[in-house]
Amino acid sequence: MTARLSPFWTFIAWLATLAFFAPVAWMVLTSFHQEADAATNPPSLFAPVTLDQYKLLFERDITPFLLNSAMASVISTVLVLALAVPAAYALSIKPVKKWTDVMFFFLSTKFLPAIAALLPVYLIVKDAGMLDNVWTLVILYTAMNLPIAVWMMRSFLAEVPKEILEAAEVDGANLLTVLWRVVAPVAMPGLAATSLICFIFSWNEFMFAVNLTATNASTAPVFLVGFITSEGLFLARLCAAATLVSLPVLIAGFAAQDKLVRGLSLGAVK
């Protein structure tokens, strides 16, 4: 019975994949069209292909926005991992007392909607003179992603064999050596999955970026909003910008796909 249903479920899986991929393919294709062709209804799929939209993007200077997003996302992800791995180590391999209460505290920090914290955060950042500063976003993204990273990394580190940790301790390895030379290589799939998810969350974050930045620290999602104006929606140019903004995440996911699949599967099983 299972063998008979296998082709059917394979077909359903391909349909679902195509359904999810179709909007992305349409966005990429539209980015190579002129505005007049992109605005037709139904869309003109076989319109002439051009790179004009991408040229206009770089003339509008999208590069600083991409660099701000990259800086905020990469630095915050590194900080999250630097804080989450020791915390997860203490909660899984060397469990602290009442570790379940600690995990609940981390989870409880995500209960408050981000919009509810916007006004207090804005006032604190304003009083600190940190408005329109990319380091403000680094701090906020680190705080936002840390609870998720601790939860994920605890699940991954719980799978590390205790025997190799005991052997490292017998050889005289200190905590930093154990984390760097023993735990990190074994938990690399989990580290890849956690870092990619934190990077994606930081890269896509919009609400704090649009309210706490102006000209110097605006990120790529803020740049995308500029194409929705009173003159209308520049659809082809918006699709070109969205394609460029999506590329770093796609490249990172493709580069770490083997470790990402293993890491996410390990977390699901645990």
Side-chain angles (χ1 to χ4, degrees), residues 67-110 134-205 247-270:
L67 291 177
N68 287 334
S69 285
M71 181 177 177
S73 301
V74 172
I75 296 178
S76 66
T77 299
V78 172
L79 290 176
V80 165
L81 291 180
L83 296 173
V85 171
Y89 180 88
L91 292 168
S92 59
I93 298 176
K94 298 290 185 180
V96 298
K97 293 182 180 179
K98 297 183 178 180
W99 64 269
T100 54
D101 294 339
V102 177
M103 295 298 293
F104 178 78
F105 170 76
F106 277 112
L107 185 62
S108 67
T109 60
K110 305 298 294 183
V134 71
W135 290 104
T136 300
L137 299 181
V138 170
I139 296 171
L140 288 175
Y141 294 168
T142 302
M144 290 166 54
N145 291 327
L146 186 58
I148 299 173
V150 172
W151 267 82
M152 291 184 65
M153 287 308 305
R154 187 200 172 275
S155 176
F156 298 135
L157 294 186
E159 297 292 330
V160 176
K162 302 296 190 296
E163 292 77 9
I164 62 174
L165 299 175
E166 294 172 356
E169 292 178 355
V170 170
D171 291 339
N174 56 29
L175 178 59
L176 291 178
T177 303
V178 170
L179 289 175
W180 180 253
R181 297 189 177 273
V182 180
V183 174
V186 176
M188 187 56 66
L191 286 170
T194 303
S195 60
L196 185 59
I197 288 176
C198 292
F199 178 82
I200 292 173
F201 286 169
S202 299
W203 185 271
N204 292 339
E205 200 281 325
L247 279 179
V249 175
L250 294 176
I251 294 173
F254 181 79
Q257 60 179 332
D258 55 338
K259 293 182 175 60
L260 180 63
V261 172
R262 289 170 54 199
L264 292 177
S265 301
L266 177 64
V269 171
K270 184 62 181 179

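If you're wondering where the values come from, they're calculated on a predicted model, not measured in any experiment. Values below: every heavy atom of this structure, side chains too, minus hydrogens, waters and symmetry copies.
Under the side-chain contact (heavy atoms from CB on, under 4.5 Å) test applied with V138, the options V74, V78, I75 reduce to a single match, I75.
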*asked:* If you apply the rule side-chain contact (heavy atoms from CB on, under 4.5 Å), what do you find for T109 with M144, and how did you get there?
replied: CA-CA 9 Å; T109 60; M144 290 166 54; over 6 Å; no
*asked:* What verdict does the side-chain contact (heavy atoms from CB on, under 4.5 Å) test give for F106 and V102, after you've listed the backbone C-alpha separation in whole Å, the side-chain angles of each residue and the deciding distance to 0.1 Å?
replied: CA-CA 6 Å; F106 277 112; V102 177; 3.6 Å; yes
*Can you check side-chain contact (heavy atoms from CB on, under 4.5 Å) on F201 and C198, steps first, answer last?*
CA-CA 5 Å; F201 286 169; C198 292; 5.8 Å; no
*Please lay out, stage by stage, how L191 and V85 fare under the test side-chain contact (heavy atoms from CB on, under 4.5 Å).*
CA-CA 9 Å; L191 286 170; V85 171; 3.6 Å; yes
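Rounded to the nearest 0.5 Å, atoms OG (S73) and CG (N68) are 10.0 Å apart. Rounding to the nearest 0.5 Å places CG of L83 at 5.5 Å from CG of L146. The OG atom of S155 sits 12.5 Å away from atom CG of L91, with the distance rounded to the nearest 0.5 Å. Here the straight-line distance linking atom CG of L176 with atom CZ of R181 works out to 11.5 Å at 0.5 Å rounding. Here the OG1 atom belonging to T136 is positioned 10.5 Å from the OH atom belonging to Y141, to the nearest 0.5 angstrom. In this structure, CE in M152 is found 4.0 Å from OG1 in T194, a value given to the nearest 0.5 Å.
Among residues two or more places apart in sequence or in another chain, the ring-ring contact (aromatic ring centres under 6.0 Å, His included) test is passed with F199 by W203.
In terms of heavy-atom proximity, A87 sits nearest to V150 at CB-CG2, 4.2 Å. The two residues V80 and N145 come nearest to each other via the heavy atoms CG2-CB, 3.9 Å. The shortest non-hydrogen separation linking W151 to M103 is NE1-O, 3.0 Å. Here the closest heavy-atom approach between residue Y89 and residue L157 is recorded as N-CD1, 3.5 Å. For the pair T77 and S195, the tightest heavy-atom approach, listed with the atom from each and the gap, is CG2-O, 3.5 Å. Minimum heavy-atom separation, P86 to L81: CD-O, 4.1 Å.
For the pair F156 and M188, the minimum side-chain heavy-atom distance is 4.5 Å or more.
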